[in-house]
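All of these numbers come straight from a predicted model, not from anything done at the bench.
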Amino acid sequence: METCEPESTEEAQGAIEVNMEYLLQLKELDIPEEEAKKALIVTGNISAEEAAIFYFENLERMNEEVEDEENYHKMVFVVNMELPMGVGKIAAQVAHAAVGLYQILIKESKTREMAYKWDNYGAKKVVLQGSSTAHLLELQALALSMNLPNYLVQDAGRTQIAAGSYTVLSIMGEEESVNKVTGKLKLLN
């Protein structure tokens with residue numbers, strides 16, 4: 001068994017022998033040398049096969065984590081601020097928007113998967129200010145053009161505002177895409 005030369009003093013202090021024959025076999029599998037060394041060390045130099053299995057399993061896990069990070073989803077709610085709604089009314093309308101959009105999401109397999117990812121990674125929700133009904137309709141049109149699932153709440157008119165008023169627009173999608181629609185809006189405070 002040959003010893004690999006350490007590249008730094010830190011590495012020299014904890015230098016562990018790596019089987020050069022196994023290292024060459026791993027490099028023939030196109031595993032980068034440093035990754036091959038790590039895999040051999042972690043698996044105790046048992047065999048090139050064990051190190052390769054370790055490397056490829058870790059690579060698959062890392063790719064899944066990167067894919068999940070890239071596909072981080074969020075749900076946003078844009079409240080129509082031109083309507084005279086109290087805090088409770090706004091809360092109820094946002095709830096209607098959340099339930100309405102979620103019901104749409106779970107109906108189809110493509111959007112159902114999006115809902116599950118969103119739910120499993122924290123179910124991020126953000127409430128924003130929209131300036132008017134026209135503004136909500138413009139945002140909805142943009143969301144539709146980007147194939148982002150959305151739901152526009154139309155009030156029944158039983159309490160504070162006129163029947164048929166558009167109160168809240170909810171949009172769901174990958175964070176980057178949703179930000180293209182709502183990224184410049186102010187948070188509701």
For Lys124, salt bridge (charged side-chain N to carboxylate O under 4.0 Å, His left out) partners two or more places apart =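 With neighbours one apart ignored, the set is Glu175.
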
Out of curiosity, [X] [atom1] to [Y] [atom2], how far, rounded to the nearest 0.5 Å?
{"X": "Tyr55", "Y": "Leu26", "atom1": "OH", "atom2": "CG", "result": "10.0 Å"}
{"X": "Lys180", "Y": "Met146", "atom1": "NZ", "atom2": "CE", "result": "5.5 Å"}
{"X": "Thr43", "Y": "Ile53", "atom1": "OG1", "atom2": "CD1", "result": "9.5 Å"}
{"X": "His96", "Y": "Tyr151", "atom1": "NE2", "atom2": "OH", "result": "8.5 Å"}
{"X": "Met172", "Y": "Phe77", "atom1": "CE", "atom2": "CZ", "result": "8.5 Å"}
{"X": "Asn147", "Y": "Thr111", "atom1": "CG", "atom2": "OG1", "result": "11.5 Å"}

Are [X] and [Y] close enough that some pair of their side-chain heavy atoms sits under 4.5 Å apart?
{"X": "Tyr102", "Y": "Trp118", "answer": "yes"}
{"X": "Leu187", "Y": "Val127", "answer": "no"}
{"X": "Tyr166", "Y": "Val153", "answer": "no"}
{"X": "Pro149", "Y": "Met114", "answer": "yes"}
{"X": "Asp155", "Y": "Met85", "answer": "no"}
{"X": "Glu35", "Y": "Phe54", "answer": "no"}

Indicate whether any N or O donor in one side chain lies under 3.5 Å from an N or O acceptor in the other, for Asn179 and Lys184.
->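 No, because no side-chain N or O of Asn179 sits under 3.5 Å from a partner of the opposite role on Lys184.
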
Flag for Gln93-Asn80: side-chain donor and acceptor within less than 3.5 Å |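 No, because no side-chain N or O of Asn80 sits under 3.5 Å from a partner of the opposite role on Gln93.
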
Honestly curious: do [X] and [Y] fall in one hydrophobic cluster under the side-chain, below-4.5 Å linking rule?
{"X": "Val178", "Y": "Leu169", "value": "yes"}
{"X": "Leu105", "Y": "Val168", "value": "yes"}
{"X": "Ile104", "Y": "Ile171", "value": "no"}
{"X": "Leu139", "Y": "Leu137", "value": "yes"}
{"X": "Val79", "Y": "Leu185", "value": "no"}

Could you walk me through whether Arg112 and Lys107 pass side-chain contact (heavy atoms from CB on, under 4.5 Å), step by step?
-> CA-CA 7 Å; Arg112 189 178 313 122; Lys107 283 183 183 177; 5.9 Å; no

Show the nearest heavy-atom pair for residues [X] and [Y], with the distance to one decimal.
{"X": "Leu29", "Y": "Ala52", "answer": "CD1-CB, 4.0 Å"}
{"X": "Ser170", "Y": "Ala97", "answer": "OG-O, 3.0 Å"}
{"X": "Ser165", "Y": "Leu83", "answer": "CB-CD1, 4.0 Å"}
{"X": "Leu40", "Y": "Ala51", "answer": "CD2-CB, 3.6 Å"}
{"X": "Ala143", "Y": "Asn150", "answer": "CB-ND2, 4.1 Å"}
{"X": "Ala36", "Y": "Leu23", "answer": "CB-CD1, 3.6 Å"}

Listed by chain and number, what are the side-chain contact (heavy atoms from CB on, under 4.5 Å) partners of Ser132, not counting sequence neighbours?
->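 Scan of Ser132 (side-chain contact (heavy atoms from CB on, under 4.5 Å), adjacent residues dropped) gives Glu82, Ala134, His135.
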
Do other residues, nucleotides or ligands put more than 12 heavy atoms under 6.0 Å from Gln154 CD?
->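 Result for CD/Gln154: enclosed.
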
Answer yes or no: are there more than 12 heavy-atom neighbours, outside Glu49 itself, under 6.0 Å from its atom CD?
->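 Check fails, neighbour count at 12 or below.
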
Can Lys89 and Ile161 be said to form a side-chain contact (heavy atoms from CB on, under 4.5 Å), step by step?
-> CA-CA 9 Å; Lys89 179 69 172 179; Ile161 56 176; 4.1 Å; yes

Which is it for Leu188 and Leu128 under the side-chain contact (heavy atoms from CB on, under 4.5 Å) test, yes or no, and what are the steps along the way?
-> CA-CA 5 Å; Leu188 181 69; Leu128 305 167; over 6 Å; no

Check whether any side-chain N or O of Lys74 sits under 3.5 Å from a backbone N or O of Tyr72 as a donor-acceptor pair, and report yes or no.
->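 No: the side chain of Lys74 does not pair with the backbone of Tyr72.
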
